[in-house]
Every structure is written in C-alpha cells, then in structure tokens.
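Each remark here refers to the structure printed beneath this line.
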There are 2 protein chains.
Amino acid sequence: MPKVDSTKNKILDAAEELFAERGFAETSLRVITARAEVNLASVNYHFGSKKSLIQAVFERFMDSFTNHLMRQMTELEQSHQRFSVEQVLETLIKPLIEVDELRPDGSSVFMKLLGRAYSETQGHIRRFAMQKYSHVLARFTRMLHKAAPEVAPSEMFWRLHFMLGTFIFTLAGHEALQEISMSDFNEEVNVEQIIGRLVPFLAAGFSNQSIPIAAQSVGEV
Amino acid sequence: MPKVDSTKNKILDAAEELFAERGFAETSLRVITARAEVNLASVNYHFGSKKSLIQAVFERFMDSFTNHLMRQMTELEQSHQRFSVEQVLETLIKPLIEVDELRPDGSSVFMKLLGRAYSETQGHIRRFAMQKYSHVLARFTRMLHKAAPEVAPSEMFWRLHFMLGTFIFTLAGHEALQEISMSDFNEEVNVEQIIGRLVPFLAAGFSNQSIPIAAQSVGEV
DNA sequence: GTATGTTTCAAACAAGCGTTTAGATTTAGG
DNA sequence: CCTAAATCTAAACGCTTGTTTGAAACATAC
C-alpha cells in the first residue's frame, strides 16, 4: 500500500491525532475535516458514519502494531529456546515505539489513542479488539506461560491484565508524568526510558511467587 | 451533614451513576435530571454549569475516599513502628471498597468514575485532583519511602504512578474482566479478590531490586 | 398577612452535532 | 471524445446539546 494522500488517508490522519488529543465524543467531524482540509460530507461518503471512522482509525494503527508485535514474538521464539518473562514483555517495546515514530510529528499518538479506546464508549471498541486480535493475545499468553509455567492459568489471566492496564495507562498519560518528573527531579525522560523502568517492574510483579489465595497445580509446558 | 434528599443531592447521586456508566461527555443533563426526577434547569441553578457539576461529583466521592484513606494511614502508623510496602498498599483496600458500599445498589461506581476522570477531558480533572489532594499523595509517598527506603526518590515516583495506573485501570474495567474470568475459568471473583491479587503483584513490582538504569545505593529495610 | 428571598418549572434559545441531498467536478474505459 | 461511474462540494436537514428566561410556587420573617 503506497502512502498516498488520498482523502481517505487525510481524514484518518487528522482523526487519529484529534481523537488522541481530545477523545472521540469531544471531537466533531467538522474539526476533523477542517484539519484534513477536506469536505465535511466526505467522512460519511468514505466511512459511512462517525462510528465507523472511529473503528477505522483504531483498526489501522492496531493492525500495524500487532503486525510488529507478531514479528517480534516470532523472532524471540526462533532465537531462544527458553526465555524470561522480561524478554516476553520486551517484545512490546519496539512495536510500541515504532508505530509512533512513523507519525510526522512523532508525538506518541498511539498510546493516547489506546488509552481512549480502552475506557471510552462503554467498552465497545474494547470488545471489538478482544475479538479481532484475540489470536495475538493468545500467542502472547502462551509465551508468558512458557516463560513462567509456575503461574497458574487463572492467576496468569489476572496478572496479564494487570500488566496491560499498567502499560496502557502509564503510556497514555506519560506526558503529564514526564512534566512532573522534570519539575520535581530535573530528570528528562523519554518514552523508551519509561518503558525501561516499566518492564522490570511488571516482570517482578508477574513472576511473584507469593500467591494470595489457593495455589493451583504446578504443571509444565 | 445529614443525608437529605435535597435537589442538589438527588442530582449528584444520579450524575455519579450515569457518569460512571457512560462517561461525562456522553451523559446529557436531560438524562441526569430525568433520573434524579428534578427539573432540567435546576442543574444550572445549583451548580452553574455542567462542568461544575462534573467537578462537584468528582470532589464529593474523592473527599470521602481520601478521608478514609488518611484514617487508614494514621492507623497503620500508630499500630506499627515498621511496615511493609504491602501493608502500605493495603491501606487503599478498605477505603476503596467502603466508598462504594455506601451506594444503594452497591455497584462499584467509584472505580469506574475514577477511571473516567483520569482519562477524559484532556486530563483537566486529573490536574485538579493532583492539586487538591497533593497532601494525601505526599503522605502516601512518605509511607512508601519508609517501607522501602532503598528505592531512590525518582524511581519511587515512577513506580508509584505505575501502581496507581494499574489500580485505577484494573478496577475501572473490572466488570469486563470478571465476565471473561467467569466464562474462561468458571471462576467467580469479587472486587475484594481482585484487589487481593493486585496488591501482591504491585508490591512485588515496587520492591523489585533489579534497577534498570544506574543502580543507586542499596540500603536496608 | 404581606413582603422578601429562595427554589422550581415549562418553555424557549442559540449553537453544535452527525447525516443527507442534489448538483458540480473529476476520473477512467471503450 | 463521449459516457458512466466515482468523487467532491455547498447547503440544508432534523435533532440534541447546555444554558437562559420569566413567571409560578414555596419558604421564611416581620
């Protein structure tokens, strides 16, 4: 797919930025088409409705991200017979960063958008994502299980979602945190450094042996 | 403050539920006043604007929560000379649960509302909260530092926000997760059990000794 | 009981929304 | 070059939004 400046793409680009900045409901089609420099009616012509546009925006960057991620997971599996939880988590880093570096301004639109999609609109996007990208999540889960077979499946489920939550939540709001960090500690940190702190934090939580409730059978892969 | 069924309170109660269910932007004053069984104009009469109403809703439950939390922290400080990270995190549990149990239907409105407030509206509520409740956060930070003095201040900052993120994110979306857990593992879990899994997970991450970048001085607990 | 201040109410307001329409313009194929 | 399909455009549609209005209802005090 060549990167053409078609009306459709101009709308997607503008919508992506604006949705990330202001949220879905708070962004009108008029400001989107104004920034994209296209006619108002073209949104409905090309996408049918605003709801479909939101989904199209979400799908475009999510496809890109999951493709990167799948490649990273394959790479890890092929290069290492055994791998750690930390290594599995690290497969997220490159895709997470590269998806944003493609953008012209380079401001991390992806993370903010993901945060919006997760919380907004009664979780309707979330359900869609769980369906369309379930195979990616399943593969990621399988790799985590291989890295830490001592964690029981149901416990694994919860810890995985704890990790996803932290990732999305932290990175979606990272700009505010970066500001505070700068003013409180005179410490300039970029997104990669935040992830660098985040991964060990999560890996430690994930691999934690103290199981709160009933311990299940400890199997093997 | 006696629990009066004043128009003002009826509006706050209805708005709280609806904001949690559907978000701020997606909830109109008309549905709020309809559920509250009051006149549409009374919102502007009592609160001035919708924006002020949102802030009033947020403030009411946040005040209640932070009061509980402050009491819990005092209790822990008075009963133990030394305490663990896990114990500090556990001070969150009761306030988190009790704030919701006050509600008539008992459905965890608080967590959902907090999630909304965190992500929505350009972080405008978040900034307001950081300002008004900064002393609570400061005290919580101080207690964490006392529990784990080996964690450097800047590292502490990040880990604290990782934890906050996970807490809010997980609990805001806990209903979806509970559903999945039910269908995938036939495991019925309540909010307390989720928190029961969450606390050790976070404590392990927080106390993690493997520091990613420059290793600081390693003290003692 | 009348006067004063507060609260409620139905109705209307202007503004913004997503969407539709119908005609102009551009594009592509024979 | 002509035709037919695809795309773009300005204008309007119907609807919902937050807010305002001015009178009615209520409460309180003298």
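Order of the sequence lines sets the chain letters (A, B, ...), proteins ahead of strands, with each chain counted from 1. Values in this document were obtained by computation on a predicted structure and should not be read as measured data.
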(message) Looking only at the aromatic ring of each residue, does the gap between the centers of B:Phe185 and A:Phe157 stay below 6.0 angstrom?
(response) yes

For residues 36-43 of chain B, please give each side-chain donor-acceptor pair under 3.5 Å, one per line with the distance, not counting sequence neighbours.
residue, atom, partner, partner atom, Å
B:Asn39, OD1, B:Ala41, N, 2.8
B:Ser42, OG, B:Asn39, O, 2.4

(request) Write down the distance between CZ (B:Arg30) and C1' (C:dC17), rounded to a whole number of angstrom. (result) 14 Å

(message) Tell me the interatomic distance from B:Asn39, atom CG, to C:dT8, atom P, rounded to whole angstroms.
(response) 9 Å

(message) Please classify the nucleic acid contact of B:Thr27 as base, sugar-phosphate, or nothing, using heavy-atom distances under 4.0 Å.
(response) sugar-phosphate

(request) May I ask you to decide whether A:Arg60 forms a salt bridge with A:Asp13, counting only side-chain N to carboxylate O separations under 4.0 Å? (result) yes

(request) Please find the earliest and latest nucleotides of DNA chain D, in the 5' to 3' direction, that have an atom within less than 4.0 Å of any heavy atom of chain B. (result) D:dT17 to D:dT21

(request) Using atom NZ of B:Lys8 as one end and atom C1' of C:dT6 as the other, report the distance to the nearest whole Å. (result) 13 Å

(request) Please state how far atom NZ in B:Lys10 lies from atom P in C:dC9, giving the value in whole angstrom units. (result) 8 Å

(message) Can you tell me how far apart CG (B:Leu96) and OG1 (B:Thr91) are? Round to the nearest 0.5 Å.
(response) 10.0 Å

(request) Give, ordered by number, those residues of residues 42-50 of chain A having at least one heavy-atom distance below 4.0 Å to an atom of DNA chain C; if nothing qualifies, reply none. (result) A:Asn44, A:Ser49, A:Lys50

(request) Classify the ring geometry between A:Phe61 and A:Phe58 as parallel (under 30°), tilted (30 to 60°) or perpendicular (over 60°). (result) perpendicular

(request) Round to a whole Å and report the spacing from CD of A:Glu26 to P of C:dC17. (result) 12 Å

(request) Could you check if a side-chain atom of A:Phe65 sits within less than 4.5 angstrom of a side-chain atom of A:Leu92, using non-hydrogen atoms only? (result) yes

(message) Using a 4.0 Å heavy-atom cut-off, does B:Thr33 contact any base of the nucleic acid, only the sugar-phosphate backbone, or nothing at all?
(response) nothing

(request) Taking only the side-chain nitrogens and oxygens of B:Thr7, find out if one of them lies under 4.0 Å from OP1 or OP2 of C:dT8. (result) yes

Distances under 3.5 Å only, N/O to N/O: pair up the protein atoms with those of nucleotides 22-26 of chain C.
none

(request) Check the distance between C:dC13's C1' and B:Leu40's CG and give it to me in whole angstrom. (result) 12 Å

(message) Between the side chains of B:Arg159 and B:Glu155, is the shortest nitrogen-to-carboxylate-oxygen separation below 4.0 Å, so that they form an ion pair?
(response) yes

(request) Would you mind listing every salt bridge (Lys or Arg N to Asp or Glu O under 4.0 Å) that reaches into residues 130-145 of chain B, with sequence neighbours excluded? (result) B:Glu59-B:Lys132, B:Asp63-B:Lys132, B:Glu77-B:Arg139

(message) Suppose we screen for side-chain hydrogen bond (donor to acceptor under 3.5 Å, both in side chains). Which residues come up paired with A:Asn190, at least two apart in sequence or across chains?
(response) none

(message) side-chain contact (heavy atoms from CB on, under 4.5 Å) for B:Gln178 and B:Val189? Distances and angles first, verdict last.
(response) CA-CA 6 Å; B:Gln178 281 171 318; B:Val189 288; 4.0 Å; yes

(request) Only one of B:Lys10, B:Arg35, B:Arg22 passes salt bridge (Lys or Arg N to Asp or Glu O under 4.0 Å) with B:Glu17; say which it is. (result) B:Arg35

